[in-house]
Amino acid sequence: MEGSRPSSPEAPPQDLWSSILDSVSSTRAIPSKQVLLLGQPSSGKSVLASALLQKPVADEGKDESRSDFALGYEWADVRDDADEDTLARLSVYTIPSAASSYTSLLPHFLPPRISLPHTLVMIVLDWTRPWTFVEDLQTWLMWVEEWAKGDSSRELEIAREENRERLQSHLQHYTEPSSDPIPASNLSSNTLLPLGSGIFTHNTAGVPIIVTCTKADLIDEGNDLVGAGTSGMGGMVKGNGGEWEERTDGIMQVLRTICLKYGAALFYTTPLPATLQVLRQYTLHLLFTPAAPSPGLSAGMEAPTPIRNPFPFSHKPNTLDRDRIVVPAGWDSWGKIAVLREGFEAKTWGEAWEQDFEAEDPENVEEPGAVKMYSLLVSDQGAKPPPLPVFNNPMPEQAFLAKHYDENSKKPDRDPRGAFRNPTESSAAGIVGPLGSSSFNLPNVERALSEMEAGVGGGGGLNASVNGDASRRLSTRSGTRPSGLPAVGTAGANSSANVGRPPTSPTLGNTPSPTGGQTQHEVLQNFFQSLLISSKDRAGASSTASRSKANGNTSGTDDTS
């Protein structure tokens, strides 16, 4: 007996506890659901995120500045009605704007292959800017289509098909809530009616979409200004009236027609908690929509029990109260849209929407698209930037000078040399031309020559000899000197006779032409060159006189000795 008993008990496996924990975590794993909030800046996304997560709205009036992130993220646990069990973890991703730098971040956090079956898209429109509704819807719905394509892998294609079947089943099984209990046979019936015209023609990935128009409480304001806290509808007409109601109903019809094509729901919200609570209930209702039943069952097989949605939506549709519109997905149709206001063609708007998507350049298409048609219904009343100042196109420089040349040429002060001109003269010289001032006339030059020659005649001694040399050189210019000037530097009596006589200068009228065939410029050039030569000769003569004086003193000393 003792030999058959083991000496020690067997050691438990090393991963015993880890396997137990994994089994418990897998049975009680909390599913994760995501909501993408897509909208332009200041459209009310933060209020919607706080309502979905049941968190207080951030106080924007505090002193500290509010930070904007490239991708906002918040989460909260979703509990049942009794607040006992946690049913899911809800994550809300917020994008500041439609810029590609922001939207390109989402695929890194929400890859469609994994998160597509658990994601809902909420597109936010702002009622203070109603003229942007159709354009914003085009921007965001095109982005949803691109995001749902992902990497086009086989697993993603299967997820897209299952997601589309689930949304289509939800649209076909929709029944309007009522106080009467729904028979169980209706829940398990496999006979489904086909979808109506214009319903679920887009959204190939079956993404649940809710179009939410915020600040709907401002629609009824009759203000004429567009700005913070003021409706964009107030500027279209003054006060509430037939035209105002017609346009607001027209906007609702356009939005409902577009939502039909994508299997989307339409909600209007206000800051009141009641409208936000209804939106949260419907969001959870779509996130927990069960999968589509099997497409066909053979005869004799019992239909499986339908999976119950833990968040039923019991709020009835509402298309009359403009501040709390509720249009669930699966309830609307073209016929119900046309009842709201006569003259609206849902088919025409659907074709216009297709025209915008198919055209490469919507501005150059022959048939008007949805954006152009909507701009006729609601004109752009946003704040316009101030107009630019008138472009100052300066005149080219050469054209400016040619324009003012004739005017400037007639001005008397155009030439600075006019200050030296004799007022009695009437010279018509050009702006650039020969010297015309009387101060530079030839008689003045002759007077200067005569004074110089008189100084030469009155000197004596060494200066007389030096000046004699200079006068002899000046006499060589007899061919160029005017004939009216007396001879200077002659020997004997002529020299002494001219010493005391004052220099004379012939008048301008009786002086013959002194140029001898030369121009005034050439005469002046010869005059100044002679002055330079005279100064050099005087310097040489003074040095010669100094040497001769020194030599004379030396010879006298020798004789004395």
Side-chain angles (χ1 to χ4, degrees), residues 29 31-36 38 88 91 93 103 106-123 137-138 140-175 187-211 258-265 282-298 301 303-311 313 328-333 350 353-354 357-358:
S32 178
K33 303 292 183 180
Q34 295 89 20
V35 175
L36 302 185
L38 308 179
S91 301
Y93 294 85
T103 55
L106 269 178
H108 299 283
F109 296 93
L110 291 175
R113 182 174 56 85
I114 301 173
S115 58
L116 188 60
H118 310 285
T119 303
L120 179 141
V121 175
M122 185 175 294
I123 300 176
L137 281 177
Q138 281 190 358
W140 292 118
L141 291 174
M142 292 178 65
W143 181 87
V144 171
E145 290 284 354
E146 291 296 327
W147 171 76
K149 288 180 181 178
D151 55 359
S152 301
S153 61
R154 178 60 181 168
E155 297 178 359
L156 180 58
E157 290 298 326
I158 295 175
R160 286 163 56 91
E161 293 177 2
E162 293 177 351
N163 220 37
R164 183 174 176 83
E165 292 176 358
R166 182 181 65 173
L167 182 57
Q168 181 174 349
S169 175
H170 173 76
L171 298 176
Q172 292 174 329
H173 285 92
Y174 175 82
T175 56
L187 297 175
S188 59
S189 177
N190 292 324
T191 304
L192 298 176
L193 296 177
L195 297 174
S197 301
I199 300 177
F200 202 33
T201 58
H202 290 61
N203 193 6
T204 56
V207 181
I209 300 174
I210 302 177
V211 178
I258 297 174
C259 289
L260 271 182
K261 302 180 75 65
Y262 291 83
Y282 188 74
T283 301
L284 296 177
H285 175 73
L286 286 184
L287 284 173
F288 285 88
T289 300
S294 299
L297 296 174
S298 60
M301 295 183 62
T305 303
I307 302 176
R308 177 180 174 272
N309 192 326
F311 295 97
F313 185 70
W331 174 82
D332 211 356
S333 64
W353 181 267
E354 298 287 345
F357 272 82
E358 294 176 359

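All values below come from the heavy atoms of this structure, side chains included, with hydrogens, waters and symmetry mates left out.
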Practice task
Write down the atom of Tyr282, the atom of His170, and the distance for their closest heavy-atom approach.
Solution key: OH-NE2, 4.3 Å
Handout entry: Least distance between heavy atoms, Ala205 atom then Ala148 atom
Key = CB-CB, 3.4 Å
Exercise for the section: Inspect the surroundings of CD in Glu155 and state if more than 12 heavy atoms from other residues, nucleotides or ligands are less than 6.0 Å away. Expected result: no
Handout entry: Nearest-0.5 Å distance, CG of residue Leu38 to CH2 of residue Trp140
Key = 5.0 Å
Practice task
Mind checking the CG-NE2 spacing from Asn163 to His118? Nearest 0.5 Å is all I need.
Solution key: 9.0 Å
Completion exercise
In terms of heavy-atom contacts, Leu171 and Gly330 come closest through CD2-N, 3.4 Å
Practice task
Quick one: pull up CG in Leu286 and CE in Met122 and give me the separation to the nearest 0.5 Å.
Solution key: 9.0 Å
Problem - SB check Lys149 Glu146 (cutoff 4.0 Å) - result: yes
Completion exercise
Interatomic distance, CG@Leu137 vs CE@Met142, rounded to 0.5 Å, equals 12.5 Å
Handout entry: Distance (rounded to the nearest 0.5 Å) between Leu36 CG and Phe109 CZ
Key = 12.5 Å
Fill in the blank from the handout: Heavy-atom nearest pair, Glu145 first then Tyr262, reads OE2-CE2, 4.0 Å
Completion exercise
Here the pair of heavy atoms bringing Leu287 nearest to Lys33 is O-NZ, 3.3 Å
Handout entry: Nearest heavy atoms of Gly350 and Lys261, plus distance in Å
Key = O-NZ, 4.0 Å
Exercise for the section: Given side-chain contact (heavy atoms from CB on, under 4.5 Å), test Ile258 with Leu141 step by step and report yes or no. Expected result: CA-CA 10 Å; Ile258 297 174; Leu141 291 174; 4.1 Å; yes
Fill in the blank from the handout: CD1 of Ile210 to CG of Leu120, rounded to nearest 0.5 Å, is 4.5 Å
Handout entry: Any donor-acceptor N or O pair under 3.5 Å, side chains Arg164, Thr204
Key = no
